[in-house]
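All values below were derived from every heavy atom in this structure, side-chain atoms included, with hydrogens, water molecules and symmetry-related copies excluded. For reference, positions follow the sequence shown, starting with 1.
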Amino acid sequence: MSLRARLDTLRRQAGTDDAPERGGDDALRERLRRLDGGRRRPGAAAGPVPAADVAACVGGEVVADSLVRVRQRIPLESAHGHVALGRVGDAVALPGVGAFPGRSAVFIDTETSGLAGGTGTVAYLVGLARLDGTALALEQYLITAFAGEAAMLAAVRDALGGDDVLVSYNGKSFDAPLLRDRFRLARQYHPLERTGHADLLHPVRRLFRRTWPDCRLATAEARLLGFRRDDDLPGNQAPLVWSELLHGGTTERLPAVLDHNRRDLLSLAALWPVLGEVFVEPARWGACSRAAARAWYMSGDERRARAVLEAAPALDAPGRHELARLRRRAGDWAGARAIWQGLAEAGDAHAAEALAKYHEHVRRDWQGALAWTSRLPAGAEETERRRERLARKRGRDGAQGDLFPR
């Protein structure tokens, strides 16, 4: 049986033997429509929607071939959730992140053709925002076809200065590497090598990974900013909207994509000053006080780390040990001893060991040190050496102190 006869047989079995005669343009178009499953909108163009039509739809302007720019100014006196945007300029330093860059801060967020990343993923929308006088100035660059990517990358490069610092949410792992790869594929110099980057996902994870179900931006918005996206376009729909645009489909959902991107930028701006409050009073926000104190300590501010732990309404054993260590470093031996005593009496061997060292090396109370050493698990080589050393010192200087010091 010839190939044509076999295809005719399969067509009859599938119930499609009423197809138009082969050879004409109408027949070819009908075949393609059937192969496409009928997904193409009737009468739709074969290529992308003209950039001018897209610009009219989203309230922007065509600035290059297949590139639309949308500009907007959000007054700082307005609010995002329950956070006034005017607080952005007064944002404090975040431990582990650094000082707020002020007018050098460039909030950035991208919408892409796919969520998995890789060289086939394109950032078709790049949103930038920065403080500008009494407003937050937003610029969104939208490409309407692949041909507009080079112009979009050049526009982003020109928008970034040498002193600018990017502020993102998961941008160090996603947005920045994606843009870097797109710059390289376009054979353009990319500015990300000389641009600082503050990724706010990292402090959010540090503070809340033990208390929140997840650390997505939407979760941070709801819990810290009082902002909920009840009418927002789901993030996984953004690639589909751009695919519709490329294939001549409807542009009706494009404004929703730009609005989603704009909300991301506003959340970034509002999130920094609120995180500054959380690091100072983590317990009030339901954050992990020990994690906040550790961040302050690692940034060199031991006083703030100690204050955070002392203000915590309840600390677990590791947190109490951390506070005792900070008190000891500050010379507050009485405060450290009080913590160790409570832990040791509850059976904490590390606290008993700390008390043994305290009585031996600070108070030079051999009897007291021996008493706490006796509470340590027997058999450990270090414990036995300490016991023998203290016994010799006690025998040399005579017994001192109570049997079980308090």
Side-chain angles (χ1 to χ4, degrees), residues 41 44-74 106-115 117 120-130 132 136-160 166 168-169 171 174-176 178-183 185-186 188 190-192 217 229 231-269:
R41 182 169 55 87
V49 177
D53 293 350
V54 174
C57 175
V58 298
E61 58 180 336
V62 179
V63 293
D65 181 33
S66 303
L67 177 63
V68 172
R69 180 179 63 196
V70 179
R71 284 177 164 174
Q72 188 175 7
R73 291 177 62 84
I74 310 296
V106 178
F107 305 101
I108 184 170
D109 184 64
T110 65
E111 306 300 332
T112 69
S113 61
L115 301 178
T121 302
V122 175
Y124 71 86
L125 174 62
V126 178
L128 306 173
R130 65 166 75 233
D132 183 16
L136 195 66
L138 276 64
E139 287 190 345
Q140 294 170 294
Y141 294 94
L142 171 67
I143 60 175
T144 62
F146 288 104
E149 183 184 27
M152 182 267 288
L153 293 172
V156 171
R157 183 185 65 238
D158 293 342
L160 297 177
L166 299 180
S168 72
Y169 202 87
F174 185 78
D175 302 82
L178 172 63
L179 288 174
R180 178 200 62 208
D181 291 345
R182 301 314 300 181
F183 272 111
L185 288 171
Q188 292 188 29
H190 69 86
L192 305 181
L217 179 58
R229 303 189 184 212
D231 59 344
D232 193 51
L233 180 79
N236 61 2
Q237 293 294 307
L240 299 178
V241 175
W242 195 61
S243 178
E244 292 174 358
L245 178 68
L246 289 182
H247 294 88
T250 177
T251 59
E252 292 176 359
R253 296 201 293 171
L254 263 180
V257 174
L258 272 76
D259 191 50
H260 175 90
N261 182 261
R262 179 183 64 84
R263 290 174 174 180
D264 285 350
L265 295 172
L266 294 179
S267 291
L268 287 172

Please give me the minimum heavy-atom distance between [X] and [Y], naming the atom from each residue.
{"X": "Ala129", "Y": "Leu136", "value": "CB-CG, 4.2 Å"}
{"X": "Glu111", "Y": "Ala238", "value": "OE1-CB, 4.0 Å"}
{"X": "Ala147", "Y": "Ser66", "value": "CB-OG, 4.2 Å"}
{"X": "Val70", "Y": "Gly60", "value": "CG2-CA, 3.8 Å"}
{"X": "Ala159", "Y": "Arg130", "value": "O-NH2, 3.1 Å"}
{"X": "Gly127", "Y": "Leu265", "value": "O-CD2, 3.6 Å"}

Measure the shortest side-chain to side-chain distance between [X] and [Y] over non-hydrogen atoms and say whether it is less than 4.5 angstrom.
{"X": "Asp175", "Y": "Ile108", "result": "no"}
{"X": "Tyr124", "Y": "Leu142", "result": "yes"}
{"X": "Leu166", "Y": "Leu192", "result": "yes"}
{"X": "Phe174", "Y": "Ser168", "result": "no"}
{"X": "Val126", "Y": "Leu179", "result": "yes"}
{"X": "Tyr169", "Y": "Leu268", "result": "yes"}
{"X": "Glu139", "Y": "Val106", "result": "no"}
{"X": "Ile74", "Y": "Leu138", "result": "yes"}

Nearest-0.5 Å distance that lies between atom [atom1] in [X] and atom [atom2] in [Y]:
{"X": "Glu149", "Y": "Phe183", "atom1": "CD", "atom2": "CZ", "result": "9.5 Å"}
{"X": "Glu252", "Y": "Glu244", "atom1": "CD", "atom2": "CD", "result": "9.0 Å"}
{"X": "Arg262", "Y": "Asp109", "atom1": "CZ", "atom2": "CG", "result": "12.5 Å"}
{"X": "Thr110", "Y": "Asn261", "atom1": "OG1", "atom2": "CG", "result": "8.0 Å"}
{"X": "Asp264", "Y": "Phe107", "atom1": "CG", "atom2": "CZ", "result": "13.0 Å"}
{"X": "Thr121", "Y": "Asp181", "atom1": "OG1", "atom2": "CG", "result": "9.5 Å"}

Mark yes or no for whether [X], through its side chain, and [Y], through its backbone, hold a donor-acceptor pair below 3.5 Å.
{"X": "Asp259", "Y": "Asp232", "result": "no"}
{"X": "Arg253", "Y": "Leu240", "result": "no"}
{"X": "Trp242", "Y": "Ile143", "result": "yes"}
{"X": "Gln140", "Y": "Leu258", "result": "yes"}

- prompt: Which one of Leu246, Leu245, Leu254 satisfies the side-chain contact (heavy atoms from CB on, under 4.5 Å) criterion with Val49?
  reply: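 Considering Leu246, Leu245, Leu254, a side-chain contact (heavy atoms from CB on, under 4.5 Å) with Val49 is found only for Leu245.
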task: Dump the intermediate steps for side chain to side chain contact (heavy atoms under 4.5 Å, CB included) on His260 and Arg229, then the final yes or no.
output: CA-CA 9 Å; His260 175 90; Arg229 303 189 184 212; 3.3 Å; yes
- prompt: In terms of side-chain geometry, is the basic nitrogen of Arg263 or Asp231 positioned less than 4.0 Å from the acidic oxygen of its partner?
  reply: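 Salt bridge: yes.
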